[in-house]
Amino acid sequence: MISREITIQNPTGLHTRPANDFVTLANTFQSDISIRKNEKTANAKSIIKLLRIGISQNDTVVLEADGADEEKAVQALAEFIDRLEE
């Protein structure tokens, strides 16, 4: 299992449209992937669960992946978050 801490820079956070794209990307990986904000954890492959934890600008989240392609998954998802613009 690997994890990476990321601070959300996007002014609108991880709202519906980028969250959908995030989930689509997460589903391209075999690994189990989760995203954690404080005490709330969501399956990164579920749009409903992801939106439920409410990720906003300046929130710090932790991406965690466990599986065959865990490094690629965390790297790709972290880059996706870093590139987010409204």
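As the structure is a prediction and not an experimental result, all values here were calculated from the model.
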Subject >> Worked check of side chain to side chain contact (heavy atoms under 4.5 Å, CB included) between Ile8 and Ile81 >> reply: CA-CA 7 Å; Ile8 307 299; Ile81 290 172; 3.5 Å; yes
Work out which heavy atom in [X] is nearest to a heavy atom in [Y]; give both atom names and the distance.
| X | Y | answer |
| --- | --- | --- |
| Ala78 | Leu63 | N-CD1, 3.7 Å |
| His15 | Leu51 | C-CD2, 4.1 Å |
| Val74 | Ala65 | CG2-CB, 3.5 Å |
| Gly13 | Leu84 | O-CD1, 4.3 Å |
| Arg4 | Asp82 | NH2-OD2, 4.5 Å |

Treating [X] as the side-chain partner and [Y] as the backbone partner, does any N or O pair qualify as donor plus acceptor under 3.5 Å?
| X | Y | answer |
| --- | --- | --- |
| Asn38 | Lys40 | no |
| Glu79 | Ala76 | no |
| Ser46 | Asn43 | no |
| Asp69 | Lys72 | no |
| Lys45 | Phe29 | yes |
| Asp59 | Ser56 | yes |
| Gln57 | Gln9 | yes |

If only side-chain N and O atoms count, and only distance matters, is there a donor-acceptor pair under 3.5 Å linking [Y] with [X]?
| X | Y | value |
| --- | --- | --- |
| Thr60 | Thr7 | yes |
| Ser31 | Asp66 | no |
| Gln75 | Glu71 | no |

Original post:
At what distance, to the nearest 0.5 angstrom, does CD of Glu64 lie from CZ of Arg36?
Top reply: 4.5 Å
Subject >> Euclidean distance, Ile35 CD1 relative to Ser3 OG, rounded to 0.5 Å >> reply: 12.0 Å
Subject >> Option passing side chain to side chain contact (heavy atoms under 4.5 Å, CB included) with Leu14 (candidates Asn20, Ile55, Ile53, Asp21) >> reply: Ile55
Original post:
Above 12 or not: heavy atoms from other molecules or residues under 6.0 Å from NZ of Lys49?
Top reply: no
Original post:
Near Gln30 CD, under 6.0 Å, is it more than 12 heavy atoms from other residues, nucleotides or ligands?
Top reply: no
**OP:** Using the rule that two of Ile, Leu, Val, Met, Phe, Trp, Tyr join whenever any of their side-chain heavy atoms come within less than 4.5 Å, decide whether Ile33 and Val62 are in one cluster.
**Re:** no
